[in-house]
Amino acid sequence: MVETYDVVIVGAGAAGLTAAIYSGRKALKTLLVTGPNIGGETNSTNDIRNYPGYEGPGPDLMKRFWEQAKKWGSEVRESLVLKVSRNDGLFNVELSEGGSVLSRSVILCYGRERRKLGIPGEDKFFGRGLSTCTTCDAPLFPDKITAVIGGGNSGVEGALELARIAKKVYLIHRRDKFRADEVTVEKARSEPKIEILTDTVPVEIKGDKFVEALIVKNVKTGELRELEVQGVFSEIGWVTRTDMVEGLVETNEVGEIVVDKFTRTKTPGLYACGDVTCIPYKQTVISAGMGAIAALDAYKFVTGSQASDEYSK
Ligand SMILES: Cc1cc2nc3c(=O)[nH]c(=O)nc-3n(C[C@H](O)[C@H](O)[C@H](O)COP(=O)(O)OP(=O)(O)OC[C@H]3O[C@@H](n4cnc5c(N)ncnc54)[C@H](O)[C@@H]3O)c2cc1C
């Protein structure tokens with residue numbers, strides 16, 4: 001028989017784990033389904049300074065979230081959610097481990113994915129000189145030659161951060177104008193360790209076991225250049241996937257799930273929290289707060305204590 005839950009929470013980052021704490025404390029029959037990265041993106045930083053009441057490594061903070069979530073009795077399954085659909089007033093949640101579960105409500109907390117470069121060498125050298133997190137990995141490149149790809153704030157700030165540690169930093173941007181704040185770009189321009197290559201795209205990452213070179217191409221002249229680097233940092237943004245909830249949610253112009261102040265999507269009983277949503281500030285504390293709101297509202301929805309006129313955007 002297919003198991004039926006009050007709440008299925010998708011993802012165990014700050015949003016999902018907080019939703020599990022609140023849902024468990026409301027004695028809702030809760031299933032937390034998560035991919036392998038328990039703790040989510042907060043695990044990527046070793047220095048959280050803006051989470052109220054806590055300063056220290058991200059993974060340690062998320063371990064506390066995880067321990068507290070488990071304490072309140074949610075069932076946990078390590079599996080990816082492949083699809084959420086709605087049938088006869090219940091949600092059908094399809095799992096990658098096979099099979100599916102039913103639920104009266106679903107809270108989507110699955111965050112977003114880093115955009116890929118889509119060039120040869122990307123998969124081979126990920127974690128072997130290629131990083132998608134300058135904040136996390138810059139300290140691993142003292143006195144090395146590095147390249148940062150990306151013209152937004154993350155890219156330019158990343159290059160500045162690396163310049164404090166590395167011997168040299170190439171800052172590679174596909175256009176001639178940066179998207180980053182002008183003040184930050186000016187700082188990068190006046191930093192002697194940074195060489196800016198505009199109108200330039202990465203073509204291939206090369207090496208034996210670790211990164212040894214980055215091939216780049218000037219999009220205006222077509223000229224190829226081999227940069228001898230030991231570190232490549234890809235800071236080209238994020239993608240929000242919504243194919244698993246197609247038709248059940250509205251998305252904004254950048255593909256994020258649109259929610260109201262109760263974290264409700266357009267489908268009653270379907271909630272979304274944290275980085276997967278249209279809420280502009282992607283921060284651990286904000287994801288946690290949204291997880292709490294979702295679980296409290298799901299409780300009202302599941303127990304029928306929600307006045308129908310409350311359901312408005
Ligand atoms: C380098 C870096 C540094 C940062 N520093 C800070 C900081 O100092 N302070 C701060 O407040 N914020 C910081 N952030 C932002 C913060 O990490 C995010 O805002 C926060 O992690 C978002 O939490 P979330 O729960 O919404 O999503 P995530 O943390 O992304 O969690 C998503 C969860 O969903 C799971 N998942 C994904 N797909 C599926 C699926 N199909 N099925 C089931 N589970 C799935 C994942 O395994 C993961 O457990 C930083 C982020 C980065 C990358």
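Numbering of ligands and ligand atoms starts at 1, following listing order. Below, each value reflects all heavy atoms present in this structure, side chains not excepted, and no hydrogens, waters or symmetry copies. Since the model is a prediction, treat every value here as computed from it, not as a measurement.
The disulfide (SG to SG under 2.5 Å) analysis of residues 60-135, with sequence neighbours excluded, yields the pairs Cys133-Cys136.
Close contacts between ligand 1 and Gly13 involve ligand atoms 25 (O), 29 (O), 31 (O), 33 (C), 49 (O) [criterion: under 4.0 Å to a heavy atom]. Those atoms of ligand 1 with a heavy atom of Ile48 less than 4.0 angstrom away are 7 (C), 8 (O), 9 (N). Atoms of ligand 1 found under 4.0 Å from any heavy atom of Arg114 (numbered from 1 in listed order, with element): 53 (C). Counting atoms of ligand 1 from 1 in the listed order, those under 4.0 Å from a heavy atom of Gly274 are 26 (O). Interface atoms of ligand 1 facing Cys109, defined by a heavy-atom separation under 4.0 Å, are 32 (C), 33 (C), 34 (O).
Scored by the salt bridge (charged side-chain N to carboxylate O under 4.0 Å, His left out) test, Glu161 finds no partners at all (sequence neighbours excluded).
Heavy-atom proximity to atom 16 (C) of ligand 1, evaluated over Ile279, Thr284, Leu80, Val84, is greatest for Thr284. Around atom 43 (C) of ligand 1, the closest heavy atom drawn from Gly35, Ser154, Ser131, Gly158 belongs to Gly35. Among Tyr110, Tyr281, Trp66, the residue whose heavy atom lies nearest to atom 38 (N) of ligand 1 is Tyr110. Counting only non-hydrogen atoms, the option in Glu41, Arg241, Arg112, Met244 that gets closest to atom 29 (O) of ligand 1 is Glu41.
The side chain of Asn50, and not its backbone, has at least one atom closer than 4.0 Å to an atom of ligand 1 (non-hydrogen atoms only; side chain from C-beta on).
Linking ILVMFWY side-chain heavy atoms closer than 4.5 Å, directly or via other members, places Ile279 and Val285 in a single hydrophobic cluster.
When side chains are defined from C-beta on, Val201 does not count as touching Val216, because their heavy atoms never get closer than 4.5 Å.
Taking distance alone, with nitrogen or oxygen atoms compared against 3.5 Å, Ala12 approaches ligand 1 more closely than that limit.
Residues Glu226 and Lys206 are paired through a salt bridge, judged by an N-O separation under 4.0 Å between the basic side chain and the carboxylate.
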